[in-house]
Amino acid sequence: MTTKNWSDAEPIVSLKDVHKSFGSLEVLKGVSLDVMKGEVICIIGPSGSGKSTLIRCINGLNDIQQGSIKVEDLEVHAPKLDKLALRKKVGMVFQQYNLFPHKTVLENVMMAPIKVLKQNKSEVEDKAHALIKRVKLEGKESSYPGELSGGQQQRVAIARSLAMDPDVMLFDEVTAALDPETVKEVLVAIKDLAANGMTCILVTHEMGFAREIADHVYFTDKGVIVEHGKPATLFDNPQDPRTQAFLGQVL
């Protein structure tokens, strides 16, 4: 099992020539990218460009037809992949919070480490309280998801992913379903993670946030990476006409 001390010289996540189809629809058409430890990567692009499929493939939620995806030393789509080993390395937060409605905030955060990792309950509880505090929800431990705003539920989902102590966090349009006033509190929680060195891959339509937080931005369209670069370069001086057209609509 690879330790947390992953070499800074090698990508912590590496995609090589990834192809993914749903039936006859080719959604990813040979995507390659590398993410280094501690990097924050934002993937932007129009709806249907393959962004969400891409990060679901990284987490093994979607299979691939061709290519390779590695997270540290794990080949994600190897036939004998140890799924638990992958779940320990990669956390994911979805657009829909996917919390258990009949479990409290504290129970939602504690569940996976106890059930999946078989960790000691009292230690998990201490850690869960710390994570809930980290996403600024102390005092809500006994609340149920239905009693929370969307932004609060999404922060619980972030804490729940962090409870597995992953090396990489994936975020799939995590603010898309939120009211504008709750978007910021979720982005602040993600920014805190990034500032503390967590490797993050985000699919986002929040361009201002991508510019602020990302080390590298990838623009995808029709299943390919059209252009990528540092945020200032990509947003201020896009080279490809498709990137220019997209940014012209959203900025």
Side-chain angles (χ1 to χ4, degrees), residues 11-35 39-72 74-81 83 86-87 89-98 154 157 161 166 168-178 190 199-207 209-210 214-229 231 234-235 238-251:
I12 193 167
V13 178
S14 182
L15 284 72
K16 298 218 169 4
D17 192 31
V18 173
H19 291 254
K20 167 65 185 169
S21 297
F22 294 103
S24 61
L25 178 66
E26 195 176 15
V27 181
L28 299 176
K29 304 171 183 174
V31 171
S32 299
L33 64 88
D34 287 335
V35 183
E39 263 194 321
V40 179
I41 300 296
C42 284
I43 303 170
I44 64 170
S47 295
S49 62
K51 307 183 299 295
S52 292
T53 300
L54 180 62
I55 64 168
R56 288 176 69 88
C57 290
I58 294 171
N59 205 22
L61 294 172
N62 287 344
D63 59 359
I64 61 174
Q65 273 73 44
Q66 183 184 322
S68 159
I69 299 178
K70 287 188 82 168
V71 177
E72 294 178 3
L74 289 181
E75 181 65 57
V76 173
H77 296 278
K80 293 183 177 171
L81 169 74
K83 281 275 172 74
L86 183 65
R87 295 286 165 263
K89 291 180 188 293
V90 184
M92 183 153 177
V93 184
F94 299 86
Q95 183 173 328
Q96 301 302 338
Y97 331 115
N98 297 347
Q154 196 58 289
S161 280
V168 179
M169 284 284 283
L170 309 176
F171 298 91
D172 185 15
E173 294 275 22
V174 294
T175 59
L178 301 180
I190 297 171
T199 307
C200 297
I201 304 175
L202 301 100
V203 169
T204 185
H205 63 284
E206 301 282 344
M207 297 301 146
F209 183 63
D215 296 302
H216 210 89
V217 179
Y218 287 81
F219 171 68
T220 60
D221 189 26
K222 297 187 172 69
V224 298
I225 294 170
V226 175
E227 187 171 348
H228 64 94
L234 190 100
F235 286 118
Q239 300 299 302
D240 191 282
R242 285 173 291 177
T243 319
Q244 292 166 359
F246 174 75
L247 292 175
Q249 290 175 325
V250 298
L251 291 182

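Residue numbers count from 1 along this sequence.
No side-chain heavy atom of Ile201 sits under 4.5 Å from any side-chain heavy atom of Glu39. The shortest distance between side-chain heavy atoms of Gln66 and Asp17 falls below 4.5 Å. Residues Val168 and Leu170 meet the side-chain proximity criterion, which asks for heavy atoms closer than 4.5 Å. With a 4.5 Å cut-off on side-chain heavy atoms, Tyr97 and Leu178 count as touching. You'll find the side chain of Phe22 reaches within 4.5 Å of the side chain of Thr53, heavy atoms only. Lys16 has its side chain out of reach of Lys70: every pair of non-hydrogen atoms, C-beta onward, lies at least 4.5 Å apart. With a 4.5 Å cut-off on side-chain heavy atoms, Phe209 and Leu202 count as touching. Taking 4.5 Å as the limit, some side-chain heavy atom of Thr175 sits within range of a side-chain heavy atom of His205.
Taking CG from Asn59 and CE from Met169, the interatomic distance works out to 10.5 Å, rounded to the nearest 0.5 Å. Annotation: the span from Ile43 atom CD1 to Ile55 atom CD1 amounts to 6.5 Å, rounded to 0.5 Å. Annotation: the span from Cys57 atom SG to His77 atom NE2 amounts to 5.0 Å, rounded to 0.5 Å. Of the inter-residue distances, the one linking Leu86 atom CG with Glu75 atom CD reads 11.0 Å to the nearest 0.5 angstrom. Remark: Leu74 CG to Ile69 CD1 distance equals 12.5 Å, nearest 0.5 Å. To the nearest 0.5 angstrom, Thr199 atom OG1 is 9.5 Å from Ile41 atom CD1.
The heavy-atom pair separating Leu54 from Leu15 by the smallest distance is CD1-CD2, 3.3 Å. When all heavy atoms of Cys200 and Phe171 are compared, the pair lying nearest together is SG-CE1, 4.0 Å. For the residue pair Gly50 and Val27, the shortest heavy atom distance occurs at CA-CG1, 3.8 Å. Here the closest non-hydrogen pair linking Ser161 and Met92 is OG-O, 3.0 Å. Across every non-hydrogen atom of Ile44 and Phe246, the tightest pair is CD1-CE2, 4.2 Å. Shortest non-hydrogen contact noted between Ser52 and Asp172 is OG-OD1, 2.6 Å.
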Apply side-chain hydrogen bond (donor to acceptor under 3.5 Å, both in side chains) to residues Ser14 and Asp34 and explain how you reach the verdict. CA-CA 4 Å; Ser14 182; Asp34 287 335; 2.7 Å; yes
Applying side-chain contact (heavy atoms from CB on, under 4.5 Å) to Ile58 and Val76, what does each step give before you reach the verdict? CA-CA 7 Å; Ile58 294 171; Val76 173; 5.7 Å; no
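Aromatic ring pairs are classed by plane angle as parallel below 30°, tilted from 30° to 60° and perpendicular above 60°; the pair His216 and His228 is tilted.
Residue pairs meeting the side-chain hydrogen bond (donor to acceptor under 3.5 Å, both in side chains) criterion with at least one member in residues 20-30, sequence neighbours excluded: His19-Glu26, Lys20-Asp63.
Side-chain N or O atoms of Glu227 include none that pairs as donor or acceptor with a backbone N or O of Phe219 at under 3.5 Å. Gln154 places a side-chain N or O within donor-acceptor distance of the main-chain N or O of Phe94, the cut-off being under 3.5 Å. Checked by atom type and distance alone, the side chain of Asp240 pairs as donor or acceptor with a backbone atom of Arg242 at under 3.5 Å.
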